Amino acid sequence: MTEGGPCKDCEMRCVGCHGKDRDGAWRCRKWGDYQDTLAEEQQRTSQERLAAIVGRDYTRESRIRFSRKKVNGHY
């Protein structure tokens, strides 16, 4: 992925080139592909962050439950 987007030194760059037409298609195909790639990356990383949070919370709560059982003489 290009840092700052694909528009650096673009010959076709003009006012409004990053918008969408009425049919929803990107006016600049390179920019549209770049935005789609960014959205996919953001979706992937958000899923990874959520999985890490769930795992961390599960481990923490499991340790708390175990320590309570130990205090109460169940282990």
Side-chain angles (χ1 to χ4, degrees):
M1 197 169 356
T2 309
E3 184 67 32
C7 296
K8 186 175 181 180
D9 301 327
C10 179
E11 297 172 359
M12 302 299 289
R13 189 169 184 181
C14 62
V15 174
C17 68
H18 290 167
K20 289 186 176 184
D21 291 329
R22 290 181 186 231
D23 63 354
W26 290 99
R27 289 185 193 120
C28 176
R29 182 174 297 222
K30 288 181 184 179
W31 181 255
D33 293 342
Y34 177 71
Q35 291 300 313
D36 294 340
T37 303
L38 283 178
E40 289 171 6
E41 180 72 15
Q42 191 174 31
Q43 177 69 21
R44 185 184 61 80
T45 57
S46 67
Q47 289 172 350
E48 289 174 359
R49 282 192 306 267
L50 179 61
I53 290 169
V54 168
R56 183 192 67 218
D57 290 348
Y58 175 79
T59 302
R60 181 179 171 273
E61 292 170 7
S62 184
R63 286 180 181 166
I64 291 170
R65 281 193 308 273
F66 181 75
S67 65
R68 285 183 186 154
K69 286 182 178 183
K70 194 172 183 180
V71 167
N72 292 329
H74 296 284
Y75 282 100

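None of these values were measured; they are calculated from a predicted model.
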So for atom CZ, which belongs to Arg29, do other residues, nucleotides or ligands contribute more than 12 heavy atoms lying within a distance under 6.0 Å? no
Provide the closest heavy-atom pair for Trp26 versus Gly19 in the form atom of the first, atom of the second, distance. CE3-O, 3.6 Å
Checking Arg27 side chain against His18 main chain: does a donor-acceptor pair fall under 3.5 Å? no
Show me the side-chain donor-acceptor pairs of residues 60-72 shorter than 3.5 Å, one per line, residues at least two apart or across chains.
from	atom 1	to	atom 2	distance (Å)
Ser67	OG	Arg63	O	3.3
Ser67	OG	Ile64	O	2.8
Asn72	ND2	Arg68	O	3.2

Can you check whether Ala25's main-chain N or O pairs, donor with acceptor, with Asp23's side chain at less than 3.5 Å? yes
Please check if the number of heavy atoms outside Gln42 that lie under 6.0 Å from its CD is greater than 12. no
With a 4.5 Å limit on heavy-atom distance, are the side chains of Glu41 and Leu38 in contact? no
Are the side chains of Cys7 and Trp31 in contact, using a 4.5 Å heavy-atom criterion? yes
So CZ of Arg49 and CZ of Arg44: to nearest 0.5 Å the spacing works out to 10.0 Å
Side chains of Ile53 and Arg56: does their closest heavy-atom pair fall under 4.5 Å? yes
SG of Cys17 to NZ of Lys30: how many Å apart, nearest 0.5 Å? 11.0 Å
